[in-house]
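Ligands are counted one by one from 1 in listed order, and the atoms in each one are counted from 1 as well.
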Amino acid sequence: MLAELRGLNEECGVFGIWGHVDAAQIAYYGLHALQHRGQEGAGIVTQHEKHLHVVKGEGLVNEVFSGNEINELKGQAAIGQVRYTTDNGRGIENVQPLVFRSTTGNLSVAHNGNIVNAAELREHLERQGSIFQTNSDTEVLAHLIKKSNGTPRQRDRVKKALSMLKGAFAFVLLTEESLMVAQDPNGLRPLALGKMGDAWVVASETCAFDIIGAESIRSVEPGELIIINKDGLHSERFAPAADAAMCSMEYVYFARPDSNIDGINIHSARKRCGKQLAREVNIEADVVTGVPDSSISAAIGFSEESGIPYELGLIKSRYVGRTFIQPSQELREQGVKMKLSPVRQVVNGKRVVMVDDSIVRGTTSKRIVKMLKEAGATEVHVVIASPPLVSPCFYGVDISTDSELIATGKTVEEVRDLIEADSLTFLSPEGLLKSIGRSDEMKNCGQCLACFTGEYPTEIYTDTVLPHEKEIVR
Ligand code: AMP
Ligand code: SF4
């Protein structure tokens with residue numbers, strides 16, 4: 001039952017700005033551009049005259065800020081988050097940014113990722129008297145900062161607290177004096193730094209900069225803490241950079257095609273994945289089609305390289321929510337049906353190559369193969385622009401459990417049989433790295449590939465819990 005209730009967790013998106021009179025308004029636009037990273041909660045905190053002001057709620061950015069809320073958020077600095085929640089993380093108290101008021105100074109925090117030693121740290125803090133208000137890992141950081149009160153400078157307290165965390169985290173913190181931005185030592189989650197006139201901005205993805213007319217400067221480095229205050233920007237380290245391991249699923253599925261991560265454009269990387277696939281397999285077919293929206297880039301690449309014409313074989317309804325948050329397999333299958341429709345004129349009587357970015361449970365692929373055949377396709381060849389997903393993610397992307405991943409413990413032929421395709425091809429891990437533009441040496445390649453390979457870039461603690469399992473341990 002629990003397995004049925006779990007959804008596939010999309011990550012969160014964070015945004016921060018320092019030094020602009022319209023900080024809250026800009027944060028709103030920034031978060032709007034990051035909406036694809038989380039649709040269940042949104043919030044903005046601003047700093048004005050030594051106070052932190054917060055507006056947050058459940059729902060989309062434009063639902064949370066549907067009235068005059070933005071104008072109430074005064075100040076020249078802001079942080080914000082769009083959030084996807086697991087079952088356990090629902091409720092307004094878990095919507096970020098979280099605000100902590102204390103005699104030693106007020107603090108607001110928003111976070112993207114998953115701290116793998118959070119349960120351990122939380123237990124330790126609770127034994128020392130900390131009382132937690134939320135289920136969120138983010139609160140652990142706030143308590144750790146508070147605990148290092150003996151350290152006089154706030155930035156040193158933050159550094160000390162950050163150095164105790166393990167896993168994936170991109171943090172934005174707003175205090176009465178500064179905006180702080182931190183990236184975990186492996187750089188697992190994307191976090192970019194930009195400039196908008198004299199103001200500094202940070203965001204999970206650079207598409208948030210484009211919408212506000214900011215210039216992208218660089219990625220926040222692994223193990224780096226950036227402090228922005230009235231004296232300007234200072235970069236410090238809270239930990240030495242470990243082997244870089246940016247999440248590969250960002251390139252495969254999560255990030256928006258117009259974003260760049262570490263200077264690599266997402267659409268271009270996906271297109272190269274499609275081209276690489278066409279080099280890795282030889283299929284005789286009449287048309288190539290992609291599953292909207294995340295697979296279109298790869299489908300174009302496959303078509304260009306194979307010479308098979310690209311066609312609009314599937315249409316997506318704009319007005320249906322995400323498939324994965326449907327509570328049961330049966331409802332999820334109906335969700336796919338409502339969301340996608342085949343273009344009969346394109347596929348009828350044709351041998352179709354259907355490109356998708358990934359297969360998780362197999363629901364989407366199976367349904368689409370059936371749908372295309374019902375619309376008259378004579379053959380459906382499924383081509384996946386990533387390797388088979390076989391292991392769970394411990395870094396904030398709730399790629400379910402092994403048992404829910406269709407490819408775990410199965411051969412490609414067995415998966416093909418289950419989705420009833422005429423052929424099934426996955427991109428090789430080497431091909432994915434090459435297409436992203438990293439080294440094709442699997443070790444120290446700069447990318448995390450753990451959900452494809454089972455090799456994790458950080459320690460995984462014995463008490464590490466997957467985001468969706470947190471309700472079990474507490
Ligand atoms: P499934 O039907 O469970 O195999 O899901 C496959 C679809 O989910 C693909 O078309 C992807 O675009 C999308 N997808 C891949 N990874 C995730 C994730 N972690 N969360 C939500 N959707 C995903
Ligand atoms: Fe991304 Fe997969 Fe690594 Fe998780 S395990 S961070 S989804 S590449």
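- For atom 3 (Fe) of ligand 2, the nearest non-hydrogen atom of the protein is C448 SG, 2.3 Å.
- Under the 6.0 Å distance and 45° angle rule, R189 does not count as a cation-pi partner of Y395.
- Counting heavy atoms under 4.0 Å from ligand 1, residue Y84 does not touch it at all.
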Open item on the list: Go through it in stages, so that I can follow the logic: the residues are K373 and D422, the test is salt bridge (Lys or Arg N to Asp or Glu O under 4.0 Å), and I'd like the CA-CA distance, side-chain angles, deciding distance and then a yes or no.
Closed with: CA-CA 11 Å; K373 290 210 166 166; D422 291 279; 2.8 Å; yes
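- We find that R438 and D262 are joined by a salt bridge, their nearest charged nitrogen and carboxylate oxygen being less than 4.0 Å apart.
- A salt bridge is absent between E305 and K271; no separation between the charged side-chain nitrogens and carboxylate oxygens falls under 4.0 Å.
- Those atoms of ligand 1 with a heavy atom of F254 less than 4.0 angstrom away are 19 (N).
- Those atoms of ligand 1 that come under 4.0 Å of a heavy atom in S294, given as number and element, are 12 (O).
- Only side-chain heavy atoms of D356 come within less than 4.0 Å of ligand 1; its backbone N, CA, C and O stay farther off.
- The distance criterion of under 3.5 Å between nitrogen or oxygen atoms is met by V360 with respect to ligand 1.
- Annotation for ligand 1: atoms under 4.0 Å from non-hydrogen atoms of T364 are 1 (P), 2 (O), 5 (O), 6 (C), 7 (C).
- Remark: minimum distance from atom 2 (Fe) of ligand 2 to any protein heavy atom is reached at C451 SG, 2.3 Å.
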Open item on the list: Please determine whether side-chain hydrogen bond (donor to acceptor under 3.5 Å, both in side chains) holds for the pair S136 and N94, giving the CA-CA distance in whole Å, both sets of side-chain angles, and the decisive distance to 0.1 Å.
Closed with: CA-CA 6 Å; S136 146; N94 284 312; 5.3 Å; no
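- Residue G362 places at least one N or O, backbone or side chain, under 3.5 Å from an N or O of ligand 1.
- Because the distance cut-off is set at 2.8 Å, C247 fails to qualify as a neighbour of atom 4 (Fe) of ligand 2, as none of its N, O or S atoms comes that close.
- Taking CG of L432 as the reference point, atom NZ of K434 lies at 12.0 Å (rounded to 0.5 Å).
- Protein heavy atom closest to atom 4 (Fe) of ligand 2, with residue, atom name and distance, is C393 SG, 2.3 Å.
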